[in-house]
Each structure stands twice: as C-alpha cells, then as structure tokens.
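One structure below.
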Protein chains: 2
Amino acid sequence: MPVKGEITKPQQRREQAREAIRQEILAASRLIITREGFGALTMRKLAQHVGYSPAAIYLHFRNRDEIAQDVSRSGYAELLAALSSAVDASPGDAVSRLRALCAAYVRFGLENPQTYSLIFMEDPAYLAAVLAQQAADDPGARAYALLIDSAEALIAAGHKLPKVGKPPRAATAVEFAETIWASLHGIVSLKVICPAFPTSSAEVLMPIMVESLLGSTTTAPAAENGSQRKR
Amino acid sequence: MPVKGEITKPQQRREQAREAIRQEILAASRLIITREGFGALTMRKLAQHVGYSPAAIYLHFRNRDEIAQDVSRSGYAELLAALSSAVDASPGDAVSRLRALCAAYVRFGLENPQTYSLIFMEDPAYLAAVLAQQAADDPGARAYALLIDSAEALIAAGHKLPKVGKPPRAATAVEFAETIWASLHGIVSLKVICPAFPTSSAEVLMPIMVESLLGSTTTAPAAENGSQRKR
DNA sequence: GTCTATAGGCTGATAGAC
DNA sequence: GTCTATCAGCCTATAGAC
C-alpha cells in the first residue's frame, strides 16, 4: 500500500515487488541455513521453499555466493544486535562491559551455531569482505569496532595492557581486543563443530580466559598492590 | 625384498603388496589434501594421482571417509611429533615446557593449515572419534594427554590454577588445559581460514594469551608477592 | 585383481518457450 | 517474469568384462 500523498508510478510498484521477492528468498535462505547449515543451501531446495523454479532465483540474485553474502551480512547484524544490547545493559565500568560483551559473544555463537559457522568458519570470502570494506555501516565492521572500543575504554579507565614483544612494550588496544576475540572464537568454534570435545563447558572455559586476560591488565592509579608477574 | 631368514609365503607377499598400495593411496591423499584441502580429495582425482581407476580405490578402502580417517590419524601423529619434540627440547621447568608446547602447537597449525583444518575444523566425526576411542596409542589422544600432563606438572610444581565458578574453586588441570587449547585453536583457526583477519600476527596474540593464562596461576611456595587480582 | 562402463545421484547455472 | 528442459559437471559406488 503506497504512502498517502506519494505518487506511485508503475516503475516503483515493480521495484517494490522485486524487493519483496528478494527478501522472501533471503528469509527462506536464512531458515534453511539456520536449520541445516550453509552446505544444505542449494538453489533447488531454495526454489522449492519459496515456490519458484530454480531458474527464477537467478532473476533476483546473480549466484549462490551473492545470497550467501547477504545472509552472512544479516548474520553479522544479529551478532551486532546481541553484542550491543549486552553492552547497553551492563553497568558503566569498562571491565563489566567487557565481561558482558564476552559473555554475549559466546552465548550468540552457541545459540546460533549455523549462523556463527557461516560468518566465521566457512569460506574466508565473507570474513575477508567484512574487513576489506571499511564502510562504517557494515554490521560486521561495527561489531568489530565495538570490541576495539571496549579495549580502548579499558585503557581510558586507567588499565595498563599486558606487555608483549622484545623489547617489551604494552599491547595496543587492537592487539588486546583481537586476543580476546580469538580466545572466544576458539571456544565457540570448537563447541560448534564438536559439542562433546572440549569436555569442559563453555561456561567454565570462558571465565578462565576472560578473567586471566583482564587480570593481566594492571590498574595504574591504585598501585597499592602492584601485581606485575614479571620483570 | 624379504628379510633374510624369514620365510615369505605367497600369502605374506600378497599382504605386503596390498599394504604397499594402501600406503601409496594414503600418501597421494595426504599430498592432495595438504595442497588443495580436504574438499579437493575426490576418488577420481585420487585414482588419477596413483595411476589406478576410481574403482580400484574401493578395493583398498571402504569409502572416502575411511581414507579421511586414516589421513586424519596421520595428521594427529604429525601434530603429536611436533609437540613431543618441542616438549623434549625445552628446559625442565613446567612453565617453560608449557610455553614451548603452545608455541609448537600454533606453529604446527600455521605451517600445516590444510592438515590442521582437516583434523580440527572439518567434519566433527574425526574429532569426536579421537575422544571417543580412549585407546592410549591413538596419536590424537596422546597429543591431548600431553597438554593435560603439562597442566598437571604446573600444579605439581606448586602453581595454583585460577579460580572459577560460584562458589569459587580452583580450576582442574583438564579445565585449565582445555582453556589453553581453545585459546590457541582460536588463533590458529582464524588465521587458517582467513590469514588477513585478526590483523595482529599470531606471534603477538599467542604470547598475550599464554602469559595471561600463566600469570593467572599463583605460585604457592613463594607467597611474598601474592598477586590475587580479585576477592 | 584390476579394469571399463555405468548407474544414479547431486550440483550451479543457462537457453529458449510461453 | 516465470517456466520447462537441459547443459556440463561433479560425486560415490557398483556390476561385470578381462
């Protein structure tokens, strides 16, 4: 139904219809992927799901990869939403927010294994594309930025990041944030691919990681109990 | 050529020939996988490589999965060898050995991305099978045990593992070891699937992780500088 | 034992009728 | 625009000739 007062040319109506079908196809793709994984997304199955012939899909998407990219993008958007709301709901201090962020990340991965697998464990193209396109509105880039910002907030709050390299220097916010991310990804990806294997639960592994990493930072203002463990 | 003094019956000779062909097929499989990845291992390509027809492969292996299992097993053996030699070459103290183990693990993964991918990032069957079969001679189980042992050596050397859970209790050796493993896996798997993405190099990320985790342990005997960071 | 030939299935993608 | 029909290729696995 056109908005009152707007002129709806036949062209526009057609455009809207096209977009609606596109979204319908994407919704079906997401459903198939979250249920059976990316490998199960075939053009035939997808066409059957939306009630078209396989050939019709190609009128709206160039190929299977373009669909995967779009679904991937919405997967990053879901992740971003989960992380954002966790950050917003947490208390004000930097440490608490970082803890909340980590917990939300792991929870998202475990609750959406197929989506997580698609966006972080499948073809590198989707992952690389996120980094390559520095568009600030990309949900993947924004999720990444959320983590970096949290590490910077830690520094701003007076925490000193752990030393690294020879000669030793303080780790940068990006290095520290990526260390956290890689650690969390290790838990999630192992659990996603083989739920039984790390015999300990993510609820046990994650706090050990996060608290160790947070513990490796030292607070500058309150130097009463300096906990440097080396040099 | 039979060993001098042994009686080589026709039966034995045939057995040896069969085994030789089996090994030849496995060698070709490893070559294909390390070059092009597990996905590129097809019966046709494999047959072409060893100079047989596709059908001939089925005389020596039940199916593709059996080949994958065998290659996977040898992958675990390679990993075990890399870890063992690193442990043997390191100084005696528990901390140094754990550091050496971690460095060797990451190095192995980065130097053998396709093998690493096969044994830790593909079909869960291979990973689960290693855990399921508690056979002590399985290379995968032995590599796992090597890590657990290192964590236990840390305890034996007087280190207290970090607290976890509510109410807080000290983490077990298995929990601590699996935390280390998951962290390292996070680095390697991200780098393997998308070398460009964690923008920091593994050489930077890995020490931050390992030193943080080691730093979260406290040495009991020398309690002069207790570095509890909480409670 | 090893081969050729082939069954029977799947895939992504396209040409051309309506 | 949407369809049917099909291409060209891949796959695992097997039957039966030599």
Side-chain angles (χ1 to χ4, degrees), chain A residues 8-33 35-72 114 118 122-126, chain B residues 8-29 31-33 35-72 114 118 122-123 125-126:
Chain A
T8 305
K9 295 177 186 170
Q11 254 187 354
Q12 282 181 326
R13 188 180 298 271
R14 203 172 54 208
E15 270 305 307
Q16 285 172 8
R18 271 192 67 86
E19 185 55 28
I21 293 175
R22 232 185 112 93
Q23 290 305 323
E24 197 181 343
I25 293 171
L26 285 176
S29 301
R30 278 192 292 270
L31 188 68
I32 293 171
I33 289 176
R35 273 189 191 161
E36 310 171 57
F38 177 57
L41 181 70
T42 69
M43 301 308 253
R44 280 170 168 73
K45 188 182 288 187
L46 180 54
Q48 200 179 349
H49 247 259
V50 297
Y52 287 116
S53 74
I57 308 291
Y58 289 91
L59 297 175
H60 301 89
F61 293 92
R62 203 177 314 127
N63 53 30
R64 181 171 173 267
D65 270 3
E66 192 178 302
I67 298 176
Q69 291 270 359
D70 272 24
V71 174
S72 207
Q114 305 288 17
L118 172 67
E122 310 272 347
D123 199 320
Y126 316 122
Chain B
T8 305
K9 295 176 186 170
Q11 253 188 354
Q12 283 182 326
R13 188 180 298 271
R14 204 173 50 206
E15 269 306 306
Q16 286 171 8
R18 271 191 68 85
E19 184 56 28
I21 292 176
R22 232 185 111 93
Q23 290 305 323
E24 197 181 343
I25 293 172
L26 285 176
S29 300
L31 189 69
I32 293 171
I33 288 175
R35 274 189 190 160
E36 311 171 55
F38 177 58
L41 180 70
T42 69
M43 301 308 252
R44 277 171 168 72
K45 189 181 289 185
L46 180 53
Q48 199 178 350
H49 247 259
V50 296
Y52 287 118
S53 75
I57 309 290
Y58 289 92
L59 298 174
H60 299 90
F61 293 92
R62 201 176 317 125
N63 53 32
R64 182 170 173 265
D65 269 5
E66 191 177 304
I67 298 178
Q69 290 271 0
D70 273 24
V71 174
S72 206
Q114 306 286 18
L118 174 66
E122 310 270 348
D123 200 321
Y126 316 121

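Proteins get letters first, then strands, A, B, ... in listed order; numbering begins at 1 in each.
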Practice task
Report the distance from atom NE2 of A/H60 to atom C1' of D/dG1, rounded to the nearest whole Å.
Solution key: 8 Å
Problem - Separation of atom CD1 in A/I57 from atom C1' in C/dA13, rounded to whole Å - result: 12 Å
Completion exercise
So, with a heavy-atom separation below 4.0 Å from DNA chain D, the residues of residues 43-53 of chain B are B/M43, B/R44
Exercise for the section: Determine, step by step, whether B/L59 and B/I21 satisfy the side chain to side chain contact (heavy atoms under 4.5 Å, CB included) criterion, reporting the C-alpha distance in whole Å, the side-chain angles of both residues, the deciding distance to 0.1 Å, and the verdict. Expected result: CA-CA 10 Å; B/L59 298 174; B/I21 292 176; over 6 Å; no
Practice task
Could you check how far CG of B/L59 sits from P of D/dA15, rounded to whole Å?
Solution key: 13 Å
Fill in the blank from the handout: For B/N63 and B/E66 the tightest heavy-atom approach is OD1-N, 3.0 Å
Practice task
Starting from P on D/dC11, measure out to OH on B/Y58 and report it in whole angstrom.
Solution key: 10 Å
Exercise for the section: Mark yes or no: B/R64 above the aromatic ring of B/Y58, with NZ or CZ under 6.0 Å from the six-membered ring centre and no more than 45 degrees from the axis. Expected result: no
Practice task
Could you tell me whether the side chain of B/I32 reaches within less than 4.5 Å of the side chain of B/F38, counting heavy atoms only?
Solution key: no
Practice task
Give one of base, sugar-phosphate or nothing for A/R14, where a contact means two heavy atoms less than 4.0 Å apart.
Solution key: sugar-phosphate
Practice task
Identify the heavy atoms of A/V50 and A/I25 that sit nearest to each other, and give their distance.
Solution key: CG1-CA, 4.0 Å
Problem - Selected nucleotide, minimal atom distance to A/N63 side chain, candidates C/dA13, C/dT4, D/dA13 - result: C/dA13
Exercise for the section: Ignoring the backbone of A/A55, work out which of D/dC10, C/dC3, D/dC3 is nearest its side chain. Expected result: D/dC3
Handout entry: Distance-minimising heavy-atom pair for A/I67 and A/S29
Key = CG2-OG, 3.4 Å
Practice task
With heavy atoms under 4.0 Å as the rule, sort A/I67 into base, sugar-phosphate or nothing.
Solution key: nothing
Practice task
To the nearest 0.5 Å, tell me how far A/H60 NE2 sits from A/E24 CD.
Solution key: 9.5 Å
Practice task
For B/L41 and D/dT12, give me the distance from atom CG to atom C1', rounded to whole Å.
Solution key: 12 Å
Problem - Distance, rounded to the nearest Å, where A/R64 contributes CZ and C/dA13 contributes P - result: 8 Å
Exercise for the section: Look at the side chain of A/D65 and the backbone N and O of A/A68, then say whether any donor-acceptor pair between them is shorter than 3.5 Å. Expected result: no
Handout entry: Those residues of residues 20-32 of chain A lying under 4.0 Å from DNA chain C by at least one heavy atom
Key = none
Handout entry: Side-chain donor-acceptor pair present, A/Q12, A/Q16, cut-off under 3.5 Å
Key = no
